[in-house]
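To start, the structure under review is shown below, and the notes come after it.
The first residue of the sequence shown is numbered 1, and numbering continues consecutively from there. Computed from a prediction, not measured in an experiment: that's the story for all the values here.
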Amino acid sequence: PRVAGLKVRNLSAEEAGTVGRATSTPWLRYLVLEGASSSQLGVAGAQALALAVQPGMQLERLDCPRCYMLDEGVAVLASVLAGAKQLRELALASNTVRQEGMAALRELLEPGTVPLESLDMRYNEIGAVGAPEVGKLLLLNKTITNLDLRFNGIDNHGIIALAEGLAENASLLHLNLTGNLCQIAGAERLGEAIAKNCTLRTLELDSNRLTLKGVVALSQGLMKNQGIRKLTLGGNAVKAGAKKLASALQVHPVLEWLELGANNLEDEVVDEICWALAANSTLTHLDLSRNDLTDESCEELAEMLRANSALLSLDLATCRIGDEGAAQVAEALEANSTLRQLDLTQNVMSPVFVTKQLARLKSRVRASFQRAPVMEDEDEDEEEGSQPQQS
């Protein structure tokens with residue numbers, strides 16, 4: 001029987017030519033070349049693969065994680081992919097791609113002759129120097145809908161260059177910038193970009209050192225945005241900046257998913273988020289885990305749950321909620337028929353409360369009595385030159 005795909009682990013440079021020749025078979029639709037530290041395709045392997053690739057390939061997906069092709073190898077590969085008229089997905093995670101490699105990919109994809117829809121560039125080294133190539137690609141390409149740039153060392157200058165293309169792009173639906181260094185200046189330009197962009201549906205900015213001022217700038221753009229449905233901002237030390245996000249929640253027409261975990265949020269900030277959500281009819285998932293929430297915030301959380309009829313999932317794990325606060329939230333669930341999952345694990349409830357009082361809600365509530373770790377305060381505004389923490 002004919003097989004639609006081929007996956008090869010630990011492909012060596014010497015074996016690359018054989019795999020390249022297999023692309024001539026008309027039934028081959030996807031090719032996965034998975035590298036490892038002990039066996040790398042490298043530049044030589046990428047060159048051998050490119051030389052053996054046959055014209056008229058029917059590949060729809062090419063995935064080469066951890067092959068360490070570097071800029072030179074990626075550029076050679078890009079030169080032969082111009083003939084891949086069916087290619088929809090290209091994944092080059094962990095290949096040490098920098099500016100030259102990104103430029104070669106931009107030249108390949110800019111004209112739109114290759115109908116690529118998904119480009120995965122996770123764990124490379126695009127940085128501030130390579131980010132303008134991404135911006136140019138977003139400005140001119142009309143087919144890419146999913147772009148993954150996680151952990152690429154892109155600082156605020158790079159984010160600014162990328163945002164210029166994003167502002168004019170009309171095709172991108174999902175953008176993941178987790179683990180970069182957006183910071184305040186980058187957030188300002190991203191805010192301006194999403195205020196103009198009407199097509200983006202998902203924006204992931206976890207661990208980008210946004211801090212209070214950065215999230216305020218981003219929120220201003222969100223208040224004008226009409227399209228984003230999922231926004232993740234975990235691990236950014238936004239603190240009181242989340243108050244501005246609460247204002248955006250009151251007016252944003254379609255936001256469904258918001259993640260604010262590990263942001264040093266305190267009870268007062270969560271109170272404002274709850275007030276905004278009381279009348280919100282679109283948000284279905286809210287993550288407030290790993291924040292400094294105590295029983296004091298639970299009164300407003302309970303009131304919000306009684307009034308809100310849209311929220312399906314609420315994550316309050318690893319906070320400082322005790323028996324009194326958890327009881328208020330659990331009682332509110334009796335008046336709320338829409339919430340499907342409430343996570344209270346790793347808080348400070350007593351074993352008796354968890355085993356007896358929450359047992360009747362076990363189908364909707366995840367809870368444990370392990371004591372939450374003590375959280376250290378972080379400076380409100382980080383210096384622009386600091387590095388992001390990977391989570």
Side-chain angles (χ1 to χ4, degrees), residues 231-234 238-250 252 255-375 377:
L231 178 64
T232 71
L233 298 170
V238 304
K239 294 189 176 181
K243 292 182 180 180
K244 191 68 175 180
L245 271 176
S247 299
L249 281 175
Q250 292 179 309
H252 199 281
L255 190 67
E256 299 172 355
W257 189 293
L258 179 61
E259 294 186 14
L260 292 171
N263 269 300
N264 303 109
L265 303 186
E266 297 180 346
D267 294 327
E268 179 187 358
V269 176
V270 173
D271 288 351
E272 296 208 21
I273 293 175
C274 289
W275 298 336
L277 283 179
N280 182 284
S281 61
T282 62
L283 200 73
T284 60
H285 177 93
L286 177 61
D287 183 354
L288 296 173
S289 64
R290 297 166 291 153
N291 281 298
D292 201 12
L293 311 186
T294 69
D295 289 349
E296 291 184 18
S297 64
C298 289
E299 181 178 354
E300 291 298 333
L301 282 166
E303 288 298 322
M304 179 271 292
L305 288 174
R306 292 188 184 95
N308 182 282
S309 59
L311 204 63
L312 300 177
S313 174
L314 176 60
D315 192 343
L316 299 173
T318 320
C319 294
R320 296 179 179 179
I321 297 171
D323 291 359
E324 181 181 349
Q328 288 179 306
V329 175
E331 182 181 352
L333 289 182
E334 297 178 4
N336 182 304
S337 60
T338 54
L339 193 75
R340 295 289 178 264
Q341 183 173 1
L342 171 63
D343 194 339
L344 286 166
T345 55
Q346 295 289 331
N347 273 279
V348 292
M349 294 93 71
S350 66
V352 172
F353 181 84
V354 171
T355 55
K356 293 186 177 181
Q357 301 299 319
L358 292 183
R360 58 192 175 87
L361 296 170
K362 63 182 179 180
S363 63
R364 300 171 70 186
V365 179
R366 295 181 64 234
S368 65
F369 50 81
Q370 288 93 336
R371 184 165 296 275
V374 176
M375 300 179 185
D377 292 335

Handout entry: Derivation and outcome, side-chain contact (heavy atoms from CB on, under 4.5 Å), residues Asp323 and Val348
Key = CA-CA 8 Å; Asp323 291 359; Val348 292; over 6 Å; no

Exercise for the section: Could you go through the side-chain contact (heavy atoms from CB on, under 4.5 Å) check for Leu301 and Gln328 one step at a time? Expected result: CA-CA 8 Å; Leu301 282 166; Gln328 288 179 306; over 6 Å; no

Practice task
Could you walk me through whether Ile273 and Leu245 pass the side-chain contact (heavy atoms from CB on, under 4.5 Å) test, one step at a time?
Solution key: CA-CA 8 Å; Ile273 293 175; Leu245 271 176; over 6 Å; no

Problem - Derivation of the side-chain contact (heavy atoms from CB on, under 4.5 Å) call for Leu231 and Trp257 - result: CA-CA 6 Å; Leu231 178 64; Trp257 189 293; over 6 Å; no

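Across every non-hydrogen atom of Leu249 and Ala276, the tightest pair is CB-CB, 4.1 Å. Contact record, Ala326 with Phe353: CB-CE2, 3.5 Å, taken as the closest heavy-atom pair. When all heavy atoms of Ala332 and Ala302 are compared, the pair lying nearest together is CB-O, 3.4 Å. Of all heavy-atom pairs spanning Asn263 and Gly234, the tightest one is ND2-CA, 3.8 Å. In plain terms, the two heavy atoms of Val354 and Met349 that are nearest each other are CG2-CB, 3.8 Å.
In this structure, Glu268 pairs ionically with Lys243, as a charged nitrogen and a carboxylate oxygen lie closer than 4.0 Å.
A donor-acceptor pair is defined here as one N or O able to donate and one able to accept, closer than 3.5 Å; no such pair exists between the side chain of Asp287 and the backbone of Glu259. At distances below 3.5 Å, at least one donor-acceptor pair connects side-chain atoms of Asn308 with backbone N or O atoms of Asn280. Using modelled atom types, one side-chain atom of Asn291 and one backbone atom of Asn264 make a donor-acceptor pair closer than 3.5 Å. Side-chain N or O atoms of Asn347 include one that pairs as donor or acceptor with a backbone N or O of Cys319 at under 3.5 Å. Checked by atom type and distance alone, the side chain of Thr338 never pairs as donor or acceptor with a backbone atom of Leu312 at under 3.5 Å.
When each of Asp267, Asp292, Thr294 is paired with Arg320, the side chain to side chain donor-acceptor pair (under 3.5 Å) condition holds for Asp292 and for no other. Put simply, the residue from Leu288, Leu286, Asp343 that forms a side chain to side chain contact (heavy atoms under 4.5 Å, CB included) with Leu316 is Leu288.
Rounded to the nearest 0.5 angstrom, Glu299 CD and Met304 CE are separated by 13.5 Å. The distance from atom CG of Leu293 to atom CG of Asp271, rounded to the nearest 0.5 Å, is 9.5 Å. From Ile321, atom CD1 reaches atom OG of Ser297 across 5.5 Å, with rounding to the nearest 0.5 Å. To the nearest 0.5 Å, atoms CG (Leu305) and SG (Cys274) are separated by 7.5 Å. Between the CG atom in Leu333 and the CZ atom in Arg306 there is a gap of 9.5 Å [rounded to 0.5 Å]. Between the CG atom in Leu311 and the CG atom in Asn336 there is a gap of 8.0 Å [rounded to 0.5 Å].
Put simply, the side chain of Leu342 does not reach to within 4.5 Å of the side chain of Arg366, judged on heavy atoms. You'll find the side chain of Arg364 reaches within 4.5 Å of the side chain of Leu339, heavy atoms only. Contact annotation: the side chain of Leu277 approaches that of Leu283 to within less than 4.5 Å [non-hydrogen atoms, C-beta and beyond].
Counting non-hydrogen atoms of neighbouring residues, nucleotides and ligands closer than 6.0 angstrom, the CD atom of Gln250 exceeds 12 such neighbours. For Glu272, the CD atom is densely surrounded, since the number of other residues' heavy atoms within 6.0 Å is greater than 12.
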